[in-house]
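Keep in mind it's a predicted model, so treat the numbers as computed, not measured.
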Amino acid sequence: MKALEGFAILLALARVIPRIEGCIRVPPGVTAAKSPVDDNYVLSVNGNTQSYVPGQRYNVSLSAFSGLTFISFMLALDLESGDGDGDANALGTWEIADLAETRFSPRCPNLVENTNTNVKTRVDVFWVAPSSPGQGCILLRATVMQHRDVWFMDDGFLTKRMCEEEVDDIDTQPSIVDPCCACDEAKYELTFEGKWSRHTHPKDFPANSWRTRFSDIIGASHTLDYRFWQYGELASEGLREVAEHGSTRTLESELKDQSEHIRTIIKARGIAYPNVTGKTFAVFRVDSNHHLISLVSMVDPSPDWIVGVSGLELCLPNCSWVENKVHNLYPWDAGTDSGPSYMSADQPQVPPDVVRRIKSNFPNDPRSPFYDPTGAQMKPLATLHINRRRLYEKNCESSDSEQVPPECATNSWSRWDECTTKCGPGKQYRIREFKNPALASRHRCNNALREEKNCVGHKCAGFNEETAEGGEPEVAPPPGSSDDPQCGLSDWSEWSSCTVTCGTGEMTRSRHYLNKKAKKKCQKASKARLHETKICEAMECGGDIENEGGAGEPEEEQAGGDGGGSAEKRSIFRNFESYSQHREDYIPPVCGVTPWSDFSPCMGPCGGHGKRQRIRKVWNNNQVYGVTDPNDDGQDPCRHIKLHEEVNCTNPSCDTIVPGFCYDELTDSPCRDNDVANFWYYDHVSDQCAIYWSDRCDTNRNKFKSKEECEETCRLPRHKQELQHDGIPAIDCVVSDWVSHSCNASCGDGFQLRTRRVLRTPKYGGKPCPKHLVRLDRCYQRCDDMYSISGRGFGERRHVVRAPQPEPQDECRYSEWSAWTPCTATCGDNAVRQRTRTLMNTDLSFKCKDRVRMEKCVMMPCLLTSNDDPERW
């Protein structure tokens with residue numbers, strides 16, 4: 001009877017067990033039907049990624065949580081579309097990570113199973129995605145057996161859906177996703193990396209490389225229907241100021257005026273010489289309404305050229321966010337200035353042109369630094385790296401049923417629960433369910449089934465509701481509630497001055513409880529904000545053109561100021577005949593001007609701020625050519641044109657200035673006094689501090705009491721100075737060939753000194769010099785005298801004299817050898833004797849060392865002494 005029941009169970013299983021490539025994935029030895037779903041068994045991909053890149057390798061884990069275990073498993077692959085039968089590449093392939101726990105199934109192709117029935121909590125394998133694109137979505141499926149009566153397959157988290165990732169070109173922007181169905185919000189880190197240098201863009205690169213920079217970066221994450229700059233559109237006044245002067249202040253004000261379209265204002269410091277090819281960073285957030293980003297930075301020096309993106313999409317059609325993206329940036333002409341080259345004189349474009357992309361064949365002007373008669377693709381000026389750092393899970397209610405597949409349809413939301421707190425900030429919740437939970441589970445629907453929102457319990461006094469994100473509020477919070485006079489708050493103080501004078505800083509303001517004694521009680525009941533901080537931009541930075549008295553537009557207020565007045569002023573200047581904010585930028589046709597001169601050197605102390613100046617000349621063409629203008633009112637029409645310009649600058653720090661005497665050559669003292677002392681001097685050729693003898697007549701200025709003083713005065717400043725020469729080709733170190741010196745032994749083995757010297761020191765980041773300039777090698781000298789022990793008696797020697805060799809002029813000259821000394825013992829093996837000779841040319845004593853010869857004496861063995869001799873005791 002039991003056998004019949006078991007047979008019936010197997011027949012039932014055969015009807016419901018899915019087949020993958022003809023393989024039944026029921027675990028062997030089971031005695032019951034498949035168990036209901038258990039979310040404690042999870043099949044996951046490292047990084048929780050939802051998409052795959054063709055050919056990429058992924059780490060897949062099967063894990064048990066909440067203290068559960070399993071004894072066997074199977075991992076299989078299936079196409080979501082059900083196609084691809086017989087195509088081995090359509091599903092990708094498994095790879096074994098742990099041979100002790102996993103193996104390929106001998107029954108089914110591309111199926112991984114357990115090798116033993118040990119208790120497990122986790123197994124890992126590798127999955128290599130299909131190498132050919134266009135395979136669609138792959139289903140990674142798992143079967144898990146807890147014991148013979150409990151097993152699970154495919155349900156819940158035991159199926160992982162992986163869809164092919166869209167890979168877009170780094171030179172083109174992806175298509176716009178409308179609408180963006182991503183429910184969560186995302187936080188991104190943006191990295192702006194400069195690529196512009198003399199090596200990548202050599203044509204007409206600015207001779208004064210210290211002027212090259214990318215201005216501060218300004219941008220925003222915004223809605224689909226908003227752009228603050230766009231191809232084929234006229235530049236706004238804020239964009240004109242960025243493009244011509246690198247000033248972001250007006251554009252930031254314009255962005256704040258459009259706050260209903262903006263999620264985050266993106267700001268990053270600019271990168272300037274000597275770090276133009278460096279990086280700068282910013283952080284921003286996006287959501288389903290604000291899923292595009294735009295940003296811009298000035299290329300300086302230039303007439304009005306910018307780099308940036310306009311309306312870059314970060315939302316994906318599968319309702320998720322881009323994980324990372326790389327996008328190359330090329331130059332754009334803002335259309336507000338007509339100069340064709342980096343150093344073109346300021347000449348406003350009248351009337352203004354639209355924003356256009358600069359290419360190697362546009363403008364078709366050989367004066368353009370990007371012009372190439374072949375029309376070849378230009379190299380990017382910068383690269384944008386966008387990396388997703390965090391997801392903020394939100395519960396969204398879909399107002400459009402067409403945004404989700406019918407398999408993921410849900411019932412209506414329940415009513416909101418009461419606020420979790422009676423006083424102060426809390427949460428409210430509501431829930432809904434899938435119309436067909438089993439179907440939604442199979443299709444891995446990720447609709448939000450639980451939604452929460454911030455709420456405020458009002459059964460207390462003095463509470464001030466904060467913004468949900470904890471960021472800077474758009475409107476200042478109201479003072480304390482009048483219902484409880486003890487918790488009343490003062491008005492906000494004025495904003496403090498910016499914490500920095502250049503770049504991005506902070507401003508603060510504060511308020512206090514009117515009743516200071518009630519602060520503790522009031523804060524405990526409802527925590528009101530007593531301090532606020534906001535970002536500020538200080539404009540007194542090096543390279544910014546100063547506003548001269550009365551010439552410029554009055555300073556506009558930040559957020560919260562008179563937005564209407566500011567807009568009206570900007571409109572007035574935009575309609576001005578010169579399309580320029582400053583009247584002195586407009587050059588009437590009757591006036592002629594020379595190009596600006598080069599800026600003067602920075603006039604100021606080392607390591608401090610100074611001024612650079614440049615000038616130009618102006619003339620009246622009517623006066624030069626003798627033309628009479630009937631409309632001449634007697635005033636000079638060129639009087640408003642700026643003839644002198646000053647910019648802020650920063651001198652190199654004092655520790656990068658090398659004194660001139662460091663390059664002085666060392667001269668010999670005329671005294672030759674015996675009273676000498678050791679001093680150090682800097683050898684600029686070898687870039688080393690060396691020692692020399694100095695006496696009372698020494699007049700060298702390149703003279704130091706210690707090596708440390710020498711290096712701090714000459715060597716280290718020189719290194720720092722050379723690091724600032726950006727764009728200059730590197731100069732490698734050059735050393736001489738090895739020079740061999742004589743062997744220190746005249747007979748047998750010895751050592752030989754080999755040296756080389758520095759012929760040219762490295763500069764501007766060139767290849768450094770080798771560490772070792774001296775080397776000690778072994779050498780062997782053939783001996784002149786050969787001795788052998790004769791058979792005629794102990795100690796008798798046969799002397800073989802070789803023919804005398806011609807003696808070079810610089811070789812060692814010795815006297816004859818002395819007679820051998822007596823042996824040091826009369827018997828035994830340890831007796832030796834020696835002889836000596838004198839060096840005749842003593843000036844070579846440093847290398848002529850062969851002045852002593854020692855040899856072993858051949859003696860009779862010593863007689864043994866009896867220990868039994870009583871006279872010894």
Side-chain angles (χ1 to χ4, degrees), residues 666-679 683 686 690-698 735-757 772-863:
L666 198 64
T667 58
D668 294 334
S669 172
C671 293
R672 300 291 183 183
D673 198 343
N674 290 330
D675 186 14
V676 296
N678 289 337
F679 280 85
D683 181 8
S686 64
I691 198 169
Y692 80 102
W693 285 353
S694 173
D695 57 24
R696 57 185 177 85
C697 299
D698 185 13
V735 296
S736 66
D737 294 332
W738 288 102
V739 176
S740 299
H741 300 271
S742 59
C743 187
N744 70 339
S746 59
C747 177
D749 293 328
F751 291 96
Q752 184 180 31
L753 198 65
R754 302 182 67 195
T755 60
R756 56 181 174 178
R757 58 191 181 91
H772 302 292
L773 300 177
V774 179
R775 193 166 70 187
L776 199 62
D777 294 338
R778 290 186 175 274
C779 58
Y780 175 80
Q781 292 283 19
R782 190 173 180 180
C783 298
D784 293 333
D785 296 329
M786 298 291 295
Y787 298 95
S788 64
I789 300 174
S790 67
R792 293 173 289 177
F794 291 103
E796 189 172 346
R797 316 188 65 79
R798 181 175 70 238
H799 184 55
V800 180
V801 180
R802 297 185 182 273
Q805 299 292 330
E807 183 178 356
Q809 290 288 337
D810 58 345
E811 289 300 317
C812 306
R813 297 196 302 274
Y814 297 98
S815 66
E816 293 296 329
W817 286 105
S818 67
W820 288 102
T821 63
C823 293
T824 56
T826 58
C827 64
D829 294 330
N830 297 323
V832 295
R833 65 176 182 173
Q834 69 177 22
R835 64 176 179 174
T836 60
R837 62 179 175 177
T838 304
L839 179 67
M840 305 302 295
N841 48 344
T842 56
D843 55 326
L844 297 179
S845 60
F846 65 95
K847 69 173 185 176
C848 300
K849 308 292 185 182
D850 187 25
R851 285 173 276 180
V852 178
R853 290 284 177 85
M854 184 178 292
E855 70 175 10
K856 188 175 182 180
C857 298
V858 180
M859 310 296 290
M860 290 291 292
C862 296
L863 298 175

Engineer: If you compare all heavy atoms of Thr824 against all heavy atoms of Ala831, which two are closest, and at what distance to 0.1 Å?
Structural biologist: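 Closest heavy-atom pair between Thr824 and Ala831: OG1-CA, 3.5 Å.
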Engineer: To check you understand the geometry: which heavy-atom pair defines the closest contact between Arg754 and Trp738, and what is its length?
Structural biologist: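 Heavy atoms of Arg754 and Trp738 come nearest at NH2-CB, 3.2 Å.
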Engineer: Quick check: does any side chain N or O of Ser815 sit under 3.5 Å from a backbone N or O of Thr838, one acting as donor and the other as acceptor?
Structural biologist: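 Confirmed, Ser815 side chain pairs with Thr838 backbone.
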Engineer: Testing the basics here: between Tyr814 and Leu839, what is the closest heavy-atom pair and its distance to 0.1 Å?
Structural biologist: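 Closest approach of Tyr814 to Leu839, heavy atoms only: CE2-CD1, 3.7 Å.
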Engineer: Looking at Asn841 and Arg813, what are the two nearest heavy atoms and their distance?
Structural biologist: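 Looks like OD1-N, 3.0 Å.
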Engineer: Roughly how far apart are Cys743 SG and Asp749 CG, rounded to 0.5 Å?
Structural biologist: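 One gets 8.5 Å once the value is rounded to the nearest 0.5 Å.
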Engineer: Considering residues at least two apart in sequence or located in another chain, which fulfil the side-chain hydrogen bond (donor to acceptor under 3.5 Å, both in side chains) criterion with Arg837?
Structural biologist: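 So Arg837 forms a side-chain hydrogen bond (donor to acceptor under 3.5 Å, both in side chains) with Asp850.
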Engineer: Does any part of the side chain of Arg833, heavy atoms only, come nearer than 4.5 Å to the side chain of Pro822, both counted from C-beta?
Structural biologist: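 Counting from C-beta outward, Pro822 and Arg833 never come under 4.5 Å.
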Engineer: Decide if atom CG of Asp777 counts as having more than 12 heavy atoms of other residues, nucleotides or ligands within a radius under 6.0 Å.
Structural biologist: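 Yes, the 6.0 Å shell around CG holds more than 12 heavy atoms from other groups.
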Engineer: Closest heavy-atom contact between Trp820 and Gln834?
Structural biologist: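 Heavy-atom minimum between the residues: CE3-C, 3.5 Å.
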Engineer: Drop me the distance from Cys823's SG to Glu855's CD, to the nearest 0.5 angstrom.
Structural biologist: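 Spacing of SG (Cys823) from CD (Glu855) equals 8.0 Å.
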Engineer: Tell me, yes or no, whether the heavy-atom count around Asn678 atom CG, taken from other residues, nucleotides or ligands under 6.0 Å, exceeds 12.
Structural biologist: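 Yes, because the 6.0 Å sphere around CG of Asn678 holds more than 12 heavy atoms from other groups.
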Engineer: Could you tell me whether a side-chain N or O of Arg757 sits under 3.5 Å from a main-chain N or O of Leu773, the two making a donor and an acceptor?
Structural biologist: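 Checking the backbone N and O of Leu773 against the side chain of Arg757, no donor-acceptor pair under 3.5 Å is found.
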Engineer: Applying ring-ring contact (aromatic ring centres under 6.0 Å, His included), name anything that partners Phe679, two or more places apart in sequence or on another chain.
Structural biologist: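 Result, ring-ring contact (aromatic ring centres under 6.0 Å, His included) vs Phe679: none returned.
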Engineer: Tell me every residue that passes side chain to side chain contact (heavy atoms under 4.5 Å, CB included) with Leu753, counting only those two or more places apart in sequence or in another chain.
Structural biologist: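 Per chain and number, Leu753 pairs via side chain to side chain contact (heavy atoms under 4.5 Å, CB included) with His741, Thr755, Val774, Leu776.
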